[in-house]
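Worksheet: one structure, shown below.
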Amino acid sequence: MDSSMMFRGVSGELMRPAACFLIRKCSISKLPFHDDAEFINHWRNILEDNIQCLQIYNPDIQKAAVSALKPFISEYLKIEGVGKTGVADELVDRYISLMTGVSQFAKEGFAMALGSLPGFIVKGHFKQILFALIATTTLTGKASEDGKYAESRAQALASIASLCETMGVDVSGDPMNCVCADNINSIYDCFFEAMKDYTTDNRGDIAAFVREHCMYSLEKVTCLILRSNPEMFTKETCERLMCCLVQQSCEKIDRIRNIAGEIILRLVYSDDPSIPYIPNHQEIMQIFPRSDIVGLNWAAPSDIFPKVTELLKLDIYRYSVILGLTVSVGGLTESLVKHSSQSLTGYLNRLQDGVELSAFANTLLDVFKNFHKVDRVTVSMLKMINILVTYGCFNNMEEKENTFPLELLGLCKKEISKTRDIQKILCSIDVFCGLLSFRVEVKQKAFSQLLMFLGHRYPMIRKSAANKLYETLLMFDDLTPEENQEEILTILGDTMWDDTDMDKIREVRNKLSDLVGVARPKFVGGVKKASASSSTSKGDDMDNYKDLLGRVGY
């Protein structure tokens, strides 16, 4: 078939998986080709070519080749329980070299292949393979590469779990041969880092595949350890594991929520093995009774968010729940935003204890600080804060000694500082308008920021700020001096805020500042510098503005 070029073209898509299937069945059947080195090498080349996918990329062909690899190696590259001389060293080195190359499909294929190797090959090479796979899961920091290699990271995580199952666990064992005290922390650290992978490309949140494989791998390795050497599973590891799963169970992707939720319930109600150290174990069982194992649809926002918001009362899970809810409440899908926001606002408005509300607010600020300038979180955070302020969830925090409103305002200002992300600025306008209803000190600073937006370089920002401020002043008639209210509303409503004459715009804005009773914003010369720059700079500026408008559909 090879000499007849039947592995090429359209026919190759049919013949390649068929050849891998034949090799697998021949290996399982122990057909007597053991002494024919040329025959065995030819079969090996066929399998490796299909794993590498140089001519045709088809995930089904790749999986067929990997499924045939283990029985083939176990039968034809093994002599009396050990590998043929030098085969293990050569095989491991070659596969690691191909996995660490630049080919996307080769990385993915040989990451799978390394996880499927039989124990006699891995023995003595466990540490080498393990750390090569861990290196494959590590992000480079380059968005183009991280998006391109997401599938290989996912397969590497699955292979780490497969290797652990193949070689077993021994707390005092040799790190070259098995999972032991010397490498267990590296394995868990790799998994927990992978749970933070939110790489996106033109396909969207492509790292969802990584987190999905990671959650399954975490469950496999944890159960494996607890069945053989439970003393290796620490309280800290259990806390990190549960917090990661809880966060994923609150996020916006239905499939990820479903996987995380099902794993949580399997761990909470597991008897073989029993999972020790689960934080607030009894409270979780009260929120999610045993019947939820089969009766709760984690993918349905209407079913799950009323339950997960109850986890906010548990200190250890509060940060993870808020982080997960942020991208759901501030998301785009109507049903997701509706049910997640209703559940969250309903929970907060039911709180009778000011201590619990303060704990929620302080944790919210911690999340905001820790994800400063991380647009995936902060844009959604601004949307969520606007919803919470609109529904009056923080009305009980207006006391002078409470620093939450001021800290929140300061974080919002810091987040939009020097940004050109129009979506983020528009979301912040809603937050600043909501903060106008707080005490005088907060109101004055929020007004100052909104007045700065009225002189922004982008007409859309000026117009949106004016419209939102007009609506807010109509709703709350005690935010401005009573004698100036009508004039302020007239100016906001009648001024053409998208006018190109910035001197005229700033003059109107300064008049508004005087009427409101807020110091006039200081002009730093940004617009004049832009207008005085070369025609090339003007062109670039307009291209950027058009791009911003296009991204928000304006």
Side-chain angles (χ1 to χ4, degrees), residues 196 198 239 243-244 246-247 250-251 308-331 340-341 343-419 421 424-450:
K196 301 175 185 176
Y198 285 87
E239 290 178 358
C243 287
C244 285
V246 164
Q247 179 189 332
C250 304
E251 293 206 352
V308 295
T309 49
E310 293 299 318
L311 293 172
L312 287 168
K313 62 188 177 186
L314 307 178
D315 293 344
I316 197 163
Y317 297 119
R318 187 177 296 116
Y319 185 96
S320 301
V321 174
I322 290 176
L323 182 54
L325 283 175
T326 297
V327 295
S328 296
V329 176
S340 59
S341 60
S343 300
L344 180 57
T345 55
Y347 169 81
L348 293 176
N349 287 328
R350 287 195 306 271
L351 290 180
Q352 301 295 324
D353 187 356
V355 175
E356 288 190 31
L357 182 59
S358 295
F360 173 86
N362 291 333
T363 308
L364 180 73
L365 293 177
D366 289 339
V367 174
F368 207 165
K369 291 174 187 174
N370 294 340
F371 287 88
H372 174 60
K373 295 293 185 181
V374 180
D375 292 352
R376 176 186 68 83
V377 175
T378 55
V379 173
S380 296
M381 175 68 77
L382 292 169
K383 292 179 182 180
M384 183 176 76
I385 292 170
N386 175 51
I387 291 173
L388 297 181
V389 172
T390 301
Y391 279 86
C393 296
F394 300 127
N395 286 350
N396 296 329
M397 306 188 72
E398 297 183 17
E399 300 86 358
K400 189 173 183 180
E401 62 273 10
N402 196 314
T403 61
F404 170 73
L406 273 178
E407 289 186 59
L408 179 60
L409 187 141
L411 287 172
C412 291
K413 291 178 67 174
K414 186 178 178 183
E415 183 62 33
I416 62 171
S417 174
K418 299 180 181 179
T419 186
D421 186 339
K424 185 183 291 186
I425 297 174
L426 291 174
C427 292
S428 72
I429 290 173
D430 293 333
V431 175
F432 289 123
C433 286
L435 291 173
L436 291 175
S437 60
F438 284 79
R439 62 178 185 266
V440 175
E441 184 181 3
V442 179
K443 181 178 74 172
Q444 294 289 327
K445 293 187 176 183
F447 256 130
S448 294
Q449 186 63 49
L450 289 167

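Between Lys313 and Val321, every side-chain heavy-atom pair lies at or beyond the 4.5 Å cut-off. Phe438 has its side chain out of reach of Leu409: every pair of non-hydrogen atoms, C-beta onward, lies at least 4.5 Å apart. Between Val389 and Asn386, every side-chain heavy-atom pair lies at or beyond the 4.5 Å cut-off. When side chains are defined from C-beta on, Leu406 counts as touching Lys445, because their heavy atoms get closer than 4.5 Å. The closest side-chain heavy-atom distance from Ile429 to Leu450 is below 4.5 Å. At least one side-chain heavy atom of Phe360 sits less than 4.5 Å from a side-chain heavy atom of Leu344. Residues Leu312 and Ile322 have side chains in contact (heavy-atom distance under 4.5 Å, counting atoms from C-beta outward).
With respect to the salt-bridge test (charged N to carboxylate O, under 4.0 angstrom), the residues Arg350 and Glu356 do not qualify.
Checked by atom type and distance alone, the side chain of Asn362 pairs as donor or acceptor with a backbone atom of Ser358 at under 3.5 Å. Proximity of a side-chain donor or acceptor of Ser417 to a complementary backbone N or O of Lys413 within less than 3.5 Å is not detected. Remark: the backbone N or O of Ile425 is paired with a side-chain donor or acceptor of Ser428 at under 3.5 angstrom. A side-chain donor-acceptor contact under 3.5 Å links Glu415 to the backbone of Lys373.
Nearest heavy atom pair, residue Cys412 against residue Phe432, reads CB-CZ, 3.8 Å. When all heavy atoms are compared, the tightest approach of Pro405 to Arg439 is CG-NH1, 4.2 Å. Ser328 and Cys250 make their closest contact through OG-O, 2.6 Å (heavy atoms, listed as atom of the first residue, atom of the second, distance).
Interatomic distance, CD of Gln449 versus CD1 of Ile416, reported as 4.5 Å (0.5 Å rounding). The OG atom of Ser320 lies 10.0 Å from the CD atom of Glu251; values are rounded to the nearest 0.5 Å. Asn395 contributes atom CG, which lies 11.0 Å from atom CG of Leu388 (distance to the nearest 0.5 angstrom). The distance from atom OG1 of Thr390 to atom CG of Asp430, rounded to the nearest 0.5 Å, is 7.5 Å. Taking CG of Leu411 as the start and CD1 of Ile385 as the end, the distance is 8.0 Å to the nearest 0.5 Å. Considering CE of Met384 and CG of Leu325, their distance stands at 7.0 Å, rounded to 0.5 Å.
In terms of the side chain to side chain contact (heavy atoms under 4.5 Å, CB included) criterion, residue partners of Tyr391 (sequence neighbours excluded) are, by chain and number, Thr345, Ile387, Cys393. In terms of the salt bridge (charged side-chain N to carboxylate O under 4.0 Å, His left out) criterion, residue partners of Lys369 (sequence neighbours excluded) are, by chain and number, Glu407. Residues that satisfy the ring-ring contact (aromatic ring centres under 6.0 Å, His included) test with Phe404, not counting sequence neighbours, are Phe394.
Partner Arg318 forms a side-chain contact (heavy atoms from CB on, under 4.5 Å) with one of Val246, Leu323, Thr363, Leu364 and no other, that one being Thr363.
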From CA spacing to verdict: side chain to side chain contact (heavy atoms under 4.5 Å, CB included), Val327, Tyr198:
CA-CA 12 Å; Val327 295; Tyr198 285 87; over 6 Å; no
Kindly determine whether Thr378 and Leu382 satisfy side chain to side chain contact (heavy atoms under 4.5 Å, CB included), including the steps that lead there.
CA-CA 6 Å; Thr378 55; Leu382 292 169; 5.5 Å; no
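The environment of Lys443 atom NZ is dense: over 12 non-hydrogen atoms of other residues, nucleotides or ligands sit within 6.0 angstrom.
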